[in-house]
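Notes follow once the structure below has been shown.
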Amino acid sequence: GACFPFMGGRNYLRGRRGRALESLDIQALEAGKRPASTWVEITGGTALWDASMAWEDDHVEHVYVPVLSEGWKQGEPVGLLLELRPYEQADAQHAEVFRGATYGFRLPGPVRTAYVEAGYPVDEALIVNLNVAPSAHQDSDLQFCFLGVGVMCLGLGLGYWKRRAELAA
C-alpha cells in the first residue's frame, strides 16, 4: 500500500516540474548539459533511424533512436535517444524538432550494450519519450496516490479493529 502513494506522488511531482517547455540544441546535450524541465524540445539534430533498436518490456515494444548533431563523430557521446512506439515511427521520421518528456529512466541493459558495442556511447544520453507531455498523466498519478493512501487507511483500520477484538476477548 505504501508504494502507491510514493510512486503516484513521485510521478505527479515530475509532471509538475515539466510545466515549462525547455528548448535545447543537440550539441548542448552532447556536451553534457541537462535540462531543468522534464518537458523538452530538442533542435539541431538528425535521428539515425538505421541505428534504431527495439525492446519489448511487459508486452509493450519500445523503439530507441539516437539523435546526433551534424558534427558528431563515431565514439563521441550520444546526447539524445528518442523512445517511441513502433506505430509512431512513420510520423517521427521527418521531424526536425523532437519534443517530449524525460523521466530519468535508464536504457534496458541489452539495448545499452548493443549501442556501446556499435560505437554509440549512450551512457549519459537523455532519453525522451517522443510527443509525451509530462503533465499528460498527472490526474491518474494523483488518483494512484490517493488509492494508496486509502489502502493504507483500510489496512490500519482493519488492524485496529482486529486488535480491539482481541483485547475485548
Side-chain angles (χ1 to χ4, degrees), residues 6-145:
F6 170 75
M7 291 172 59
R10 178 197 63 181
N11 291 343
Y12 178 78
L13 292 174
R14 280 184 179 165
R16 287 189 54 84
R17 203 176 100 210
R19 285 190 172 179
L21 180 64
E22 183 175 350
S23 293
L24 288 169
D25 185 79
I26 188 67
Q27 291 176 333
L29 288 175
E30 289 173 351
K33 183 171 171 42
R34 287 291 167 256
S37 178
T38 55
W39 189 23
V40 295
E41 176 181 80
I42 311 300
T43 58
T46 303
L48 233 58
W49 293 98
D50 292 340
S52 67
M53 291 189 191
W55 178 258
E56 189 171 316
D57 181 30
D58 292 331
H59 306 291
V60 176
E61 189 173 356
H62 304 267
V63 176
Y64 297 95
V65 184
V67 177
L68 307 171
S69 66
E70 190 175 311
W72 184 87
K73 292 177 180 59
Q74 193 82 19
E76 292 180 347
V78 173
L80 174 65
L81 278 170
L82 303 177
E83 180 183 355
L84 58 150
R85 304 289 182 266
Y87 58 84
E88 297 172 314
Q89 284 183 333
D91 292 335
Q93 286 190 353
H94 303 290
E96 294 179 10
V97 175
F98 304 101
R99 181 179 296 148
T102 176
Y103 295 109
F105 296 130
R106 295 261 183 216
L107 272 178
V111 174
R112 187 194 67 76
T113 300
Y115 272 126
V116 170
E117 288 175 355
Y120 298 99
V122 294
D123 291 329
E124 300 301 319
L126 182 70
I127 301 171
V128 172
N129 294 75
L130 195 61
N131 299 324
V132 174
S135 60
H137 304 289
Q138 276 192 304
D139 290 341
S140 61
D141 291 335
L142 206 51
Q143 290 169 353
F144 203 51
C145 187

Parallel under 30°, tilted from 30 to 60°, perpendicular over 60°: which one fits the rings of Tyr115 and Tyr120?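 Judged by the thresholds at 30° and 60°, the geometry between Tyr115 and Tyr120 is perpendicular.
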
If you round to the nearest 0.5 Å, how far is [atom2] of [Y] from [atom1] of [X]?
X	Y	atom1	atom2	answer
Asn131	Arg85	CG	CZ	12.0 Å
Glu83	Leu107	CD	CG	8.5 Å
Leu48	Leu82	CG	CG	11.0 Å
Thr43	Leu24	OG1	CG	8.0 Å
Leu29	Ile42	CG	CD1	4.5 Å
Asn129	Thr102	CG	OG1	7.5 Å

So which heavy atom on [X] is nearest to which on [Y], and how close?
X	Y	answer
Trp72	Pro77	NE1-O, 3.2 Å
Val116	Pro121	CG2-CA, 4.4 Å
Gly45	Phe98	O-CE1, 3.7 Å
Ile26	Gly44	CG2-O, 3.1 Å
Glu30	Gly79	CG-N, 3.7 Å
Ala20	Ser37	O-OG, 2.7 Å

Quick check against the 3.5 Å criterion: does [X] have a side-chain atom that pairs as donor or acceptor with the backbone of [Y]?
X	Y	value
Glu22	Ala36	yes
Gln74	Ala118	yes
Asp25	Gln27	yes
Glu61	Pro86	no

Contacts of type side chain to side chain donor-acceptor pair (under 3.5 Å), residue Ser52, not counting sequence neighbours: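 Applying side chain to side chain donor-acceptor pair (under 3.5 Å) to Ser52 gives none.
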
What residues form a ring pair (Phe, Tyr, Trp, His ring centres under 6.0 Å) with Tyr64, not counting sequence neighbours?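 Expected list: none.
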
Decide if atom CG of Asp57 counts as having more than 12 heavy atoms of other residues, nucleotides or ligands within a radius under 6.0 Å.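 Counting neighbours around CG of Asp57, more than 12 heavy atoms of other residues, nucleotides or ligands fall under 6.0 Å, so yes.
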
Step through the shown structure and confirm whether more than 12 heavy atoms of other residues, nucleotides or ligands are within 6.0 Å of CD on Glu56.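 Yes, because the 6.0 Å sphere around CD of Glu56 holds more than 12 heavy atoms from other groups.
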
Determine whether Glu70 and Thr46 satisfy the following criterion, side-chain contact (heavy atoms from CB on, under 4.5 Å), listing intermediate values before the conclusion. CA-CA 7 Å; Glu70 190 175 311; Thr46 303; over 6 Å; no

Listed once per pair and sorted, the salt bridge (Lys or Arg N to Asp or Glu O under 4.0 Å) pairs that draw on residues 98-116, sequence neighbours left out: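 Salt bridge (Lys or Arg N to Asp or Glu O under 4.0 Å) check on residues 98-116 returns Glu41-Arg99, Arg112-Asp123.
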
